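Read through the structure below, which is laid out as structure tokens, and then see the notes.
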Amino acid sequence: MDQKGVYKWSFIDRMSLALINFGVNIVLARMLTTADYGLLSMITIFIAVASDLSSCGLSDGLIHKAHPDERDYSTVFVFNAAFGLFFGLLFFFTAPLTARFFGHEELVGIMRVLGVCFFFHTMSYVQETRLRKQLRTKAICIARVSATVTVSVMAIIAASLGYGYKALICTQILLSFFLFFYYTVISRWFPRIDFSVKAFKEFFSYGVHLMLAYFATVVGKNINTFVLGKFYPSPASSGIYYQGAKLAAVPFGVTESSLNNPFFAVASNEDNPEKQRQLILNMLRTIIGVNGTLMMLMCVVAGPCIELLYGSEWLGAIPIFRILALAECIFCVRAFFQTICKVHARTSFVRNMGFVEVVIQLLLLLIFYRYGILAIAWTQMGGVVCSSIVYILYCGRLVNLRPSAFISVFAHTLWLPGLAVCCSLGILLLTSGMPAWLSCAAVGLSFALVFVLVGESTKADVYISMRNIIRKKK
């Protein structure tokens with residue numbers, strides 16, 4: 001598949017999943033309670049950490065290697081499956097301790113069920129990695145969308161029958177199983193039970209730094225719900241924060257998976273340094289433009305949109321959503337600079353910055369966790385802002401660009417969405433007190449009109465770039 005097809009199907013994949021998950025989340029949020037979501041949010045940090053450690057960054061090593069063979073894939077599969085079994089058993093036997101720590105006995109069953117789901121999830125890593133390396137993003141899209149639709153229907157049925165938080169857990173375990181099943185069926189490939197010590201050492205030396213960096217990232221993204229679950233008695237607080245974080249993460253997950261993830265494979269497969277550099281510059285403009293525009297639009301429509309779709313029970317998630325949307329936007333830009341480092345095999349730098357980032361966040365959290373849920377949300381910003389500045393300086397040297405060039409890209413790209421959001425804020429104030437659907441429609445329409453009309457008349461870079469993406473031009 002050519003580069004255009006790779007990005008096209010990656011976008012279709014993530015957009016389809018986002019729309020499905022968004023719709024299902026609205027349905028489940030109206031059928032379940034904030035406490036149901038809170039119980040699951042307390043232990044998301046354990047799932048995220050275990051997922052990162054079980055991979056050890058070996059999948060990135062497979063993609064970075066020019067021509068991995070069948071034994072390479074089998075080696076990574078055996079390692080992932082072994083670690084998946086280890087963490088699955090660990091979840092099962094430590095479930096009572098976790099439940100006592102948080103003071104919620106329901107967590108025993110949740111932890112044990114998620115342990116089973118985690119084992120199946122780790123077994124699907126290699127199938128997806130092999131398809132990514134071959135740039136078969138269409139096959140990945142079909143497998144992921146099929147699995148998501150299957151489990152979404154089951155989750156809604158479970159919630160309608162009164163299973164409560166168990167409906168959320170049902171989606172986790174069944175999604176892992178169906179992903180593994182569909183990947184195997186569509187790819188018609190299953191790795192051999194074969195392990196090469198030499199291949200493992202090669203991938204581990206490349207991937208261990210990324211594993212540690214990802215470990216720091218998942219701790220930073222999930223530590224806040226962990227703190228809320230421990231120090232705030234009601235699961236509702238964790239549930240509101242979890243919902244705000246989830247709503248903020250889903251749209252940026254679309255851009256991350258449809259742009260940055262396939263870009264790593266495309267850039268790694270490009271042997272010409274000058275062409276690789278041009279790919280980096282073009283993708284930087286696209287990522288800043290798409291994510292910046294998305295973040296500004298999300299923040300301005302958040303109030304009426306969440307009230308309209310989720311109901312008054314979830315109004316507390318609005319300010320959290322706005323803070324974390326800004327954080328997610330910065331995460332996406334920082335992730336792109338991480339990809340540049342990965343392409344240039346500077347994984348140790350990524351590791352070091354990952355730990356610097358999480359240490360800054362933990363220090364802020366230690367100081368401000370007593371001041372409420374909004375203060376906890378703001379702590380997510382400190383580390384990623386500092387690390388992003390350092391990444392800009394470091395990656396500028398890798399691709400022979402001065403920091404002023406990056407600043408220029410930001411300025412030329414973000415002025416148009418900035419203008420659109422200023423106009424939309426005026427409309428938001430004028431429609432205050434009106435029905436949520438009317439306010440949401442008016443604000444969204446005003447943003448779109450300013451963005452399109454001014455963009456068309458000035459031929460702004462961000463507008464032309466996004467218009468070409470929609471029209472499927474290069």
Side-chain angles (χ1 to χ4, degrees), residues 32-54 83-119 121-122 163-173 176 211-212 214-246 249 316-317 320 324 354-355 358-380 383:
L32 304 177
T33 67
T34 55
D36 289 329
Y37 281 89
L39 288 171
L40 180 62
S41 71
M42 293 177 188
I43 59 172
T44 52
I45 189 171
F46 301 121
I47 299 294
V49 168
S51 178
D52 172 65
L53 294 179
S54 65
F83 254 60
L85 179 61
F86 169 76
F87 278 109
L89 294 173
L90 187 65
F91 280 19
F92 185 89
F93 289 111
T94 61
L97 296 176
T98 304
R100 283 198 293 272
F101 177 81
F102 286 106
H104 295 282
E105 204 56 36
E106 302 95 327
L107 293 177
V108 174
I110 294 175
M111 284 284 287
R112 288 176 172 171
V113 169
L114 289 178
V116 177
C117 107
F118 182 73
F119 172 68
H121 187 59
T122 56
Y163 283 96
Y165 69 86
K166 295 178 182 178
L168 297 175
I169 307 305
C170 172
T171 63
Q172 298 291 322
I173 185 170
S176 300
M211 177 203 72
L212 294 172
Y214 298 156
F215 169 80
T217 298
V218 298
V219 169
K221 282 197 170 187
N222 294 280
I223 192 64
N224 289 355
T225 51
F226 177 86
V227 170
L228 285 167
K230 177 60 180 176
F231 296 104
Y232 288 73
S234 172
S237 297
S238 298
I240 289 174
Y241 189 97
Y242 176 78
Q243 190 69 277
K246 185 176 180 180
I320 298 168
L324 297 182
F355 280 104
V358 77
V359 166
I360 293 174
Q361 181 184 340
L362 291 176
L363 289 174
L364 292 173
L365 189 59
L366 183 63
I367 297 171
F368 294 106
Y369 81 93
R370 300 179 182 87
Y371 297 100
I373 191 170
L374 292 182
I376 290 175
W378 276 111
T379 63
Q380 196 111 38

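As a basis for the values below, the full set of heavy atoms in this structure was taken, side chains included, without hydrogen atoms, waters or symmetry mates. The structure displayed is predicted, hence computed values, not measured ones.
Using a 4.5 Å cut-off on side-chain heavy atoms (C-beta onward), Leu89 and Leu85 make contact.
Under the side chain to side chain contact (heavy atoms under 4.5 Å, CB included) test applied with Ile360, the options Leu362, Leu364, Leu363 reduce to a single match, Leu364.
For the atom pair Tyr242 OH and Ile320 CD1, the distance stands at 14.0 Å (nearest 0.5 Å). To the nearest 0.5 Å, atom CG of residue Leu107 and atom CZ of residue Phe102 are 7.0 Å apart. With rounding to the nearest 0.5 Å, the separation of NE2 in His104 from OG1 in Thr98 is 12.5 Å. Atom CD1 in Ile376 sits 4.0 Å away from atom CG in Leu228 (nearest 0.5 Å).
Not counting sequence neighbours, the partners of Gln380 by the side chain to side chain donor-acceptor pair (under 3.5 Å) test are Asn224, Tyr241. With sequence neighbours excluded, no residue forms a ring-ring contact (aromatic ring centres under 6.0 Å, His included) with Phe92.
Across Gln361 and Thr379, no two heavy atoms sit closer than the pair CG-O, 3.3 Å. Closest approach of Ala95 to Val108, counting heavy atoms only: CB-O, 3.5 Å.
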